[in-house]
Amino acid sequence: MSAYELIDLATGVNTRIDVQLGIFVTVHLALFGGIIYIDRPLRSLEKVFAVFVYSGFAGVNYLMMAHQAALANAMYGEALKYLNDPCCSGNQVLMLIQAEMAAGRAKYMQQIIAMLHSFFYTAVVLSIIFDRGMRAKIKPGTA
């Protein structure tokens, strides 16, 4: 496989990460809307079920994104093996990838994925646990 094919595959995997991140954020916006604007407080059993189902979704999503990031980084690493090859000497794309990898790009990507998932997980679980429903939030006579 050539350096260009590896870069193309890695870019495709990164595109999948971007799409998955967009879906992840969209799902969370819908979750927040549903949790905040439901008319009645969630019952205890509903809260347990919601946390359980959401934990499964968040865990699977995190693992998929983390593995895709690791795969893309491995592909970039393989492409860098061509940096000293006569076919690719002086290739600006490979030199950029080398600089990014040296600057900790792989670790940075993993940290972003972990931080986003931690933030959203904490926000959603706390929203579920402390949900009181809209009627409990609106004072009588103000609606």
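Closest approach of Leu6 to Ala79, counting heavy atoms only: CD1-N, 3.6 Å.
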request  = For the pair Met1 and Leu9, evaluate side-chain contact (heavy atoms from CB on, under 4.5 Å) and give the outcome as yes or no after the intermediate values.
outcome  = CA-CA 11 Å; Met1 196 172 276; Leu9 286 172; 3.6 Å; yes
message = Under the criterion side-chain contact (heavy atoms from CB on, under 4.5 Å), I'd like the reasoning laid out for Gln98 against Leu94: C-alpha separation, chi angles, the key distance, then a yes or no.
response = CA-CA 6 Å; Gln98 182 184 36; Leu94 288 175; over 6 Å; no
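In this view, Glu46 and Arg40, Arg43 satisfy the salt bridge (charged side-chain N to carboxylate O under 4.0 Å, His left out) rule, not counting sequence neighbours. For Lys81, the salt bridge (charged side-chain N to carboxylate O under 4.0 Å, His left out) test picks out Glu78, with sequence neighbours left out.
Within the structure, no pair that satisfies the salt bridge (Lys or Arg N to Asp or Glu O under 4.0 Å) test touches residues 106-115, not counting sequence neighbours. Residues in residues 23-32 take part in these side-chain hydrogen bond (donor to acceptor under 3.5 Å, both in side chains) pairs, two or more places apart or across chains: His28-Tyr54. For the ring pair (Phe, Tyr, Trp, His ring centres under 6.0 Å) condition, the pairs that include at least one residue of residues 82-119, sequence neighbours left out, are Phe24-His117, Tyr62-His117. For residues 8-24, the set of pairs meeting the salt bridge (Lys or Arg N to Asp or Glu O under 4.0 Å) definition, not counting sequence neighbours, is empty.
Placement of Ile23 and Val25 within a single hydrophobic cluster is found when ILVMFWY residues are connected by side-chain heavy-atom separations under 4.5 Å, directly or transitively.
Distance check: Leu42 CG to Phe130 CZ gives 13.5 Å after rounding to the nearest 0.5 Å.
Contact annotation: the side chain of Lys47 never approaches that of Ile129 to less than 4.5 Å [non-hydrogen atoms, C-beta and beyond].
With Gln110 contributing its side chain and Ala66 its backbone, the two residues share a donor-acceptor pair below 3.5 Å.
For Asn91 and Tyr4, the side-chain atoms include at least one donor-acceptor pair closer than 3.5 Å.
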